[in-house]
Every structure is written in structure tokens, then in C-alpha cells.
Amino acid sequence: MVSMQKENALSSLTSLFGTGQVVTNAFQLRTYEMDAGLDRGKPLGVVFPKTTEDIIRLVQWANENNISLIARGAGTGLSGGAVAEHGGVIAAFAGMNRVIEFDEVGRSAVVEPGVVNSVLDELAKAKGLYYPPDPSSGRAATMGGNIAENAGGPHCFKYGVTTNYVTGLQVVLADGSLVQLGGRALDYPEYDFLGVMTGNEGTLGIITQASVRLIRNAPAVQTLLVAFDAIEQAGRAVSAIIAHGLVPATLEFMDQRIMRILEDYTHAGLPVDAEAALIIEVDGFAESLSGQMDEIIADLCRHHARDLRLAQTSEERDQIWYARKSVGGAIARIAPAYYPVDGTVPRSKIAETLKAITEICAALKLSVSFVLHAGDGNVHPHIFIDDPHDHALVERVLEAGRQVMVLCVNEGGSITGEHGVGTEKRSGMSLMYNADELRAMLDVKGVFDPKHLLNPGKIFPAELPTSVVPPAPRGQPASPYAPASAQEVASALQAWCAADPPKTVRIRGNGIESAALPPTDVLLSTLELRGIGAYAPEDLYVTVGAGIRLLDLQRVLAKDRMWLPLVSPWQESTVGGIVATNSNAPLRMRYGYGGVRDLVLAVTVVQPNGRIIRCGRSVVKNVAGYDLTKLFVGSHGTLGVISDITFQVVPMPRARSSLIASLDSLERAISLAPRLLRVCLVASAVLLCHRYDPLDGLAPYTLIYTAEGLKEDAAAEIAEVRGVLAAEGVAVRAECESSGSEIWATWLGAALPAGIVMRVGFAPKDLPGMLGGLAQAIDNASFIADLGNGQLYLRDAKNVQAVQKAVQASGGYAVVLSASPGSYNGPERWGHTPGALDLMRALKARWDPGNLLNPGAFIV
Ligand SMILES: Cc1cc2nc3c(=O)[nH]c(=O)nc-3n(C[C@H](O)[C@H](O)[C@H](O)COP(=O)(O)OP(=O)(O)OC[C@H]3O[C@@H](n4cnc5c(N)ncnc54)[C@H](O)[C@@H]3O)c2cc1C
């Protein structure tokens, strides 16, 4: 029954929007009672916004009438995210589906939330580009839903998930205000709310526009279908391929039962007599494919693979993928309902996890089949429900889901790798997170949506576990203090916080940046937080203390031919310092590397009140709750002390090559840049240096292009670059093994102690206009323009304010990285006013009300 008050509110809603934009008819509303999961809820109405202004009006109306709002894309979610569990009005985005901007040169797009995933990808492919996150539901699922769920898909093993591709979001907040998070440039100096909003499940804000990064579409691809007589053999083959240092584009697993169902539906020629099969795809330049495939096949054969079928045509490849992506439709033909469970475990645990899940289902008398994003350790048991009205059966199915959650958590994984928590898994959140960790997420919710107007009831368990308050320590440690564990950090912070008056704390690694900050009452050194906690090369992660030097970590990893794709200008940089300041090198442009935010899987953080929280897990796919890990990357130690970090590690590139060429003018460099950016596939740097020539110091402009990865890929790309340069009449002066990032590090390391150095962030397509606009300010300045990422490192700019003003006009920013001591420590250092500054301050006030932690280190 709808109350009179709500009925009045609904009739006022109708008058706010145009004809056909509001549905309140009970019969029509039935379509919106569910998503693709099992939960149901009756909405009061559905609104179809056409513009951001429509959403603002809707949110204002919701506030006035105290009615909750639920955003909805295509309703393909599997965890009840778009279900109106508590009534409320649904905002359905199918009609807001314009691609607002498509930038071929800068390789980015700006889209409305209703754009369907495959529509964007097809548009990109037509231009030789690629949008990698490819959920199997991509033919229907929307970008808004993908971003809100941080969707993954088969190709995420090599290319990463949605959060790795979203650079900016326009969001309507619960109070009706419009906020911009991030934008077209990378690494805005602001808390990474962008990363938290990605995967927020519609509970923190309503996304009305998104900027996403695209990459070059690999020119060639090969797809292999391979059969096994035992599930364990397939699981071990996956581990062997990863341990071998190979990174195929996909490693997808299917068991016999699902293959039979898919084969009946798609006739794709799946090996239905086998116990299991893998779809393995390699991509890159044509020259590298057979070598990649040969190595993989050798691994497969060692693990008893049979019936290797290499797709001979693109139609055959499409057929295999059509089968793999038709799981939902194919099962619907044989069972009235099914429960697609979603969880993640470290990759090496796949075989034993599948065995354990089979046993769970057998004990509960349930029939199950498996599809897996095996390369990511993301398991999807599909449990069949022959009669959805059989409550006892449904209860057994849900019990199996609960046991799978426990299993995944006990294996060090996550209760959900890509489907989200929604209503389905909220009780499981307490399995993964303690009261303090859940409280930290609720603090973020409180900052964004204090009245719980947006998607109420989702993600969080009805009751929080009890928080255990550690006893207050007696006395305070002497400053400087170098704790050796998170517990020691917590005791120190508690003691300093409780002092009268409370003490301000400077967190210091090796002091590269923090030494120049204003003095505080006490100093906390991270240098004793330096051990290697867990290192699992077979699962591609390492956990280390925040005080370890990057250099020392790389030495350990190098023994296994692994590395952490980060480069610092300073030998002394600690990994904690790099993460806290979000210091990225040009190599972040390469897929599979990314920036610091893409490489950090988990962090342990001590909050200013002494609470210790673990954010994230040692798995690449984890969408259980808000991605708080991102918040601590680039927050300059103002939100907590990072005590340890889990990084994703990658195999060392087998080859690396850099071309160095001289250019006589800026105009020539600007006209060349777009042609070079089109070539980038395995590029790890495209740099334009002014007044810095790593060879002999004579050329006014030097171009550096680095490609790295498989030998054949790097060679093929370098050959393409040579072709572009030759066509432009530009001579190559040298080809060397040093990377562009190393050259950048040498320049920056030498530049920083003296004079003013700035980092300017801009959309790559804005480079010509921006350099033109800055001509006067940078006249004689030395700079390195990182063309692939849209970053300009500038030494001795004549007029800092002029640079900042010119860059801000095109949506960029300009940060002063170093200046003479004492200058540029205030807001003027950042050259940017974050759209979310009020939200940043509100979160800072919640977690550090006395502003004790790292005062003056950041913009808050
Ligand atoms: C057959 C099948 C296969 C699938 N395969 C995959 C897969 O491979 N990988 C994967 O990750 N997922 C997969 N999914 C799950 C689902 O498709 C994804 O979660 C997808 O991202 C949901 O998109 P949607 O547009 O349908 O969103 P919806 O289901 O409509 O909504 C999902 C969530 O996003 C929120 N939301 C939607 N739009 C907005 C907005 N504009 N602003 C704020 N919040 C918003 C909703 O409130 C809700 O919480 C699959 C689902 C099915 C049915």
C-alpha cells in the first residue's frame, strides 16, 4: 500500500518531467522489480532521465519527500543492486546513452551512463581502439552499471577491470549537488573518490557522465580451445602458464556440464566429452602470436591437455566467444532459474577451490557447473534451481552460496570478484571485514549520503560486528619514533592523540618529500616497517612493509624475473612514500602496468584514532564493499599511516627498446605526437624533452619512444615507429635499452633539489593548445612532456600562476613538486581546486578531527 503522502509525492513527480518519463503504473512497474539475481522489490515509480539536470531535479524531489532513489542501467546485475528493496523510485538510464566525446588521438571517450558496453567497444574497434572491460553481459549492460559494479570480464586478466579505465566521473550527490571526480587528465591532486565511486553500487552518488581511457586494439589475435580429462589438470595448467611468465589475453575455464548446455544452444563445437576446457587467447602484433602460443601449448601438454583447437577464422573465434558469453541464455533453456555464485581466490588455489565447491554442492544435494575467469582466480559456480518456488531448495542454494563465501575468504580471497554485494552478499561482508573496516566504509557513506537516500540497504550487513577497542597505552614514545608493526604505529598514534594538547605527527619515509614540509610536534618514521610479508610469484602479488625501499623490493623480485612496474627518480624512495604521494612514471601508460592506484591490491592502514584496517585483498578482483585502498593512494598520509602494502607484480619484460630522435622545433613535435600515439600498443613511454638531451645535450627537442614486452612485440612496434619517423623525415639518433622512464627519472632526480619543478596534468589531445598557451611561461624552461599520459614536467617556469591558470582553463592542473623551502606549501602548491574538496574535508574531519596527521602535506 502506498501512503497518501507518497501518492501526493508521486503525482508531483509526474509534473516535474515530460510525458513518458515517469512510470507509476503497478503493471508496468513489475519489469523493474528485479535484476538478474534472485532478490525482488517493488519500486514506487520509475523515472527515465534524459539529462543531468533531470537527475538533479529528481534528487531534489527525493530529498523534499524523503523517498529513496535507486539507479538502474540494464538491470543485468546479479546481486540485487538495482532492486528497490525498500520501495523508492528507480532512475533508469537506458535513455541517457550518448557518446559525448570520442578522442581518437588522446584515446579516450566521454559517455553517458546508459551507453551499452559493447556499443562503446564496437565504436572503439572501428577506430582501431579498444575498451577492454568486457563483462559477459556486455551486449546489454550499461557503462553506468559497469562502473557502479566495477565490472570485469574475460579479458581482464591481461588488461585489468573497469576501475583501471575510468579517469573521470560526473556525479550527482545525495544532496542534489553536481561534482566532478577526476577528469580527462590523470592523477589529479585529490583524494581518489573516483576509485571509491567505481564499484559503489549506486550507494554514494548517481553517475551522469564518465571519462574512460581506451587503448590500441591489438592488431592480431589467436584463440585456442583446449580440453582436459580432469578439472584439476586444467587448474594446474592455468597456474603453470602464469608461473611461466606468460600473460595471455584470456584464461577462461568451463566444465563439462556447462559446455554441454552451451553446445546445445550455440553449436560452437565445444569439446563436450571432456571434463573441462580452457579458452586461451593471445594477442599483440602478428609476429608474436605463434611464439606465445607455442610456449602456452608446451605448458598445456605438460598438464595433459588434449584436442587443441586453434580458431582458424574470425568467425570461428566469434563462435567460441558467443558460446562462452551465452551462459545466462543457455541455462535459461534448461532450468527456470539458476544461482551464479561469484568469488575470488588466489589463482594457484583454483583446482582445490573447485573441488571444495563440488563437495559443498554434493552435500547439499545441488547440481552445479562451473565457468571461471581462471586467470583472475574468479570462480563462478552456477547452481541450478529446478523449481524457484521450492523454498527448501532455494534455501539450500543460498546456503551453498554462503559456504562458498566462507571458502573464498579462508583462502585469502573475496566474497565477490565482480558481481558486487548488493542485497545478496551483505551478510557476508562481516566474514571479510571487521567492525572497524566496515565502519570506515560507513564513514564514506556518511560523508556522501548521510540520510541513506541512495540505494538504501545495499552492501552493509544489518548488524555490525562489535569493535574491540585496544587499551590506551601508557606514556608516549619519544620522537622521532620508528615503529616496527602496525600495532606499534597504532599505540603511538593513540598516545599522541590522547596527549594534552594532542600532538601533530609528520610521517616520514626517507624524507624525500616530507623533509620539506612544515615542522610538527612529533615524527613517525616508517623505516622499520620494512619486511616482506608474503610473496607469491605464482599468484603475482607481494606484501611488504611500507618502509622498504623500491630498489630493495625490485632486487628480491628480480630473482624470479618479476618486477613491480614503478620507477622512482630516487634510490631512497620507500614504497609507502611512493604510494602516499601517488608518484607515477611514464611507464604507467602501458596496459598491464598502470599507475600506482592500479598496482596496489591491498593496504593495512592505521587510522589517526589508532584503529587498524585492512583494505583490499591479495587478489586482482575484489568488489566487496568500497575500494578504500584507492583512498590512501595519493592522500599524502593525511588519512592514515600505511603500514604495509600488497602489490600486484608482473613478469619482467623480455625485451625493451628505446628510440631517440632529435627534433628542431616544437611545431614539428606537436604535429608528430598524434601519429606516434596511434602506434602505441606496448609502448611504455613517449616523451618529448626540451633542453634535455640524454645523448649529448645539443638538440633543442628530443623524442624518446620506448616499447617493452615480448621480443617480437617490442620489435614490431619499434619498426612501426621508425616508419612514422622516416615518413616525417626525422632521423633516429640512437636505439638503446634504457627506458623512457629511466631517462625521465634521471632528469627529474637532478631537477628537483634546485628551483621550481612543476607537474602539469592535461588531456593528451590538449597538448598542442596547452603548449601554445604556455609558450611565454615556459620559453627557456627545460621540460619533459609525457605524451602518452598527458603529463608535463617543467623546470624553472617563469610564472607559476600563469602556468596554473592556463592549464586549469582546459580542465587540467599544475602542481608544484618542489620549490625553495617554505614556499608553495599551501593550497597554491596544487594548482587545482578539486570538485570534491568539501567531501575531502568532511572525510578528513571524520577520520582526523584534530588535523594531527601530516598537516600541511596536502590540499585538505
Ligand atoms: C549473463 C550475465 C553475465 C554476466 N557477466 C558478467 C561478467 O562477466 N563480469 C561482470 O563484472 N559482471 C557480469 N554480470 C553482472 C552484470 O552484468 C554487471 O554487474 C553489469 O555491470 C551491470 O550493468 P547494468 O547496466 O545491468 O547495471 P544494473 O544491474 O542496472 O545496476 C547495477 C548496479 O549499478 C548501479 N547503477 C547503475 N547505473 C548507475 C548510475 N548511472 N549511477 C550510479 N549507480 C548506477 C545500480 O544501482 C546497481 O547497484 C553478468 C550478468 C549476467 C546476467
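First listed ligand is number 1; within each ligand, the first listed atom is number 1.
Nearest protein heavy-atom contact of atom 48 (C) of ligand 1 is Gly81 C, 3.4 Å. Scanning the protein heavy atoms around atom 31 (O) of ligand 1, the nearest turns out to be Ala82 CB, 3.8 Å. Remark: minimum distance from atom 25 (O) of ligand 1 to any protein heavy atom is reached at Thr142 OG1, 2.6 Å. For atom 15 (C) of ligand 1, the nearest protein heavy atom (residue, atom name, distance) is Thr76 O, 3.7 Å.
Of the residues Thr142, Thr52, Asp54, the one that meets the side-chain contact (heavy atoms from CB on, under 4.5 Å) test with Met96 is Thr52.
Under a 4.0 Å heavy-atom criterion, Lys458 is not in contact with ligand 1. Look at Val327 and you'll find every heavy atom at least 4.0 Å from all atoms of ligand 1. Residue contacts with ligand 1: Asp35 is excluded, as none of its non-hydrogen atoms falls under 4.0 Å. Ligand 1 has Gly205 within reach: a non-hydrogen atom of the residue lies less than 4.0 Å from it.
Those atoms of ligand 1 that come under 4.0 Å of a heavy atom in Asn455, given as number and element, are 47 (O), 49 (O). Each of the atoms 16 (C), 26 (O), 29 (O) of ligand 1 lies under 4.0 Å from some heavy atom of Gly77. Close contacts between ligand 1 and Ala141 involve ligand atoms 20 (C), 23 (O), 25 (O) [criterion: under 4.0 Å to a heavy atom]. Against a heavy-atom cut-off of under 4.0 Å, His373 is close to the following atoms of ligand 1: 8 (O). Each of the atoms 11 (O), 21 (O) of ligand 1 lies under 4.0 Å from some heavy atom of Ala151. For ligand 1, the atoms lying closer than 4.0 Å to a non-hydrogen atom of Glu149 are 19 (O), 32 (C), 33 (C), 48 (C), 49 (O).
Checked against a 3.5 angstrom limit, the closest N/O atoms of Ile207 and ligand 1 fall inside it. Ligand 1 has an N or O atom lying under 3.5 Å from an N or O atom of Ser137, backbone or side chain. Checked against a 3.5 angstrom limit, the closest N/O atoms of Gly73 and ligand 1 fall inside it. For the pair Tyr338 and ligand 1, the shortest N or O to N or O distance does not fall below 3.5 Å. Here's the thing with Asn150: none of its N/O atoms is less than 3.5 angstrom from an N/O atom of ligand 1. Checked against a 3.5 angstrom limit, the closest N/O atoms of Arg72 and ligand 1 fall outside it. Checked by distance only, ligand 1 and Phe93 stay at 3.5 Å or farther apart across all their nitrogen or oxygen atoms. Ligand 1 has no nitrogen or oxygen under 3.5 angstrom from a nitrogen or oxygen of Pro135.
Under a 3.5 Å cut-off, the side chain of Asp376 and the backbone N or O of Asn378 do not form any donor-acceptor pair. Proximity of a side-chain donor or acceptor of Asp449 to a complementary backbone N or O of Leu454 within less than 3.5 Å is detected. Asn65 contributes no side-chain N or O that, together with a main-chain N or O of Ile67, makes up a donor-acceptor pair within less than 3.5 Å. Side-chain N or O atoms of Asp121 include one that pairs as donor or acceptor with a backbone N or O of Tyr131 at under 3.5 Å.
Of the candidates Gly420, Ala36, Gly152, Ala140, the one placing a heavy atom closest to atom 11 (O) of ligand 1 is Gly152. The closest non-hydrogen atom to atom 21 (O) of ligand 1, taken over Asn146, Thr208, Asn378, Leu169, comes from Asn146. With distances taken over non-hydrogen atoms, the option nearest atom 34 (O) of ligand 1 out of Ser326, Ala148, Ala74 is Ala148.
Listed by first and then second residue, the side chain to side chain donor-acceptor pair (under 3.5 Å) pairs involving residues 77-90 are Glu85-Arg426 (not counting sequence neighbours). Residue pairs satisfying the side chain to side chain donor-acceptor pair (under 3.5 Å) criterion with at least one member in residues 450-462, sequence neighbours excluded, are listed as follows: Asn63-Lys451, Asn455-Lys458.
The closest side-chain heavy-atom distance from Thr416 to Val421 is below 4.5 Å. Under the 4.5 Å side-chain criterion, counting only non-hydrogen atoms from C-beta, Leu129 is in contact with Phe102. Within the 4.5 Å cutoff, the side chain of Tyr626 has no heavy atoms near those of the Glu201 side chain. Contact check for Trp321 versus Ile279: side-chain heavy atoms found under the 4.5 Å cut-off.
Annotation: cation-pi pair Arg333/Tyr265 absent, no NZ/CZ under 6.0 Å from the ring centroid and within 45° of its normal.
Shown here is Lys42, whose NZ atom has no more than 12 heavy atoms of other residues, nucleotides or ligands within 6.0 Å. Residue Arg30 qualifies as open at atom CZ: its count of foreign heavy atoms under 6.0 Å is 12 or below.
Residues Phe17 and Phe48 keep their aromatic ring centres 6.0 Å or farther apart.
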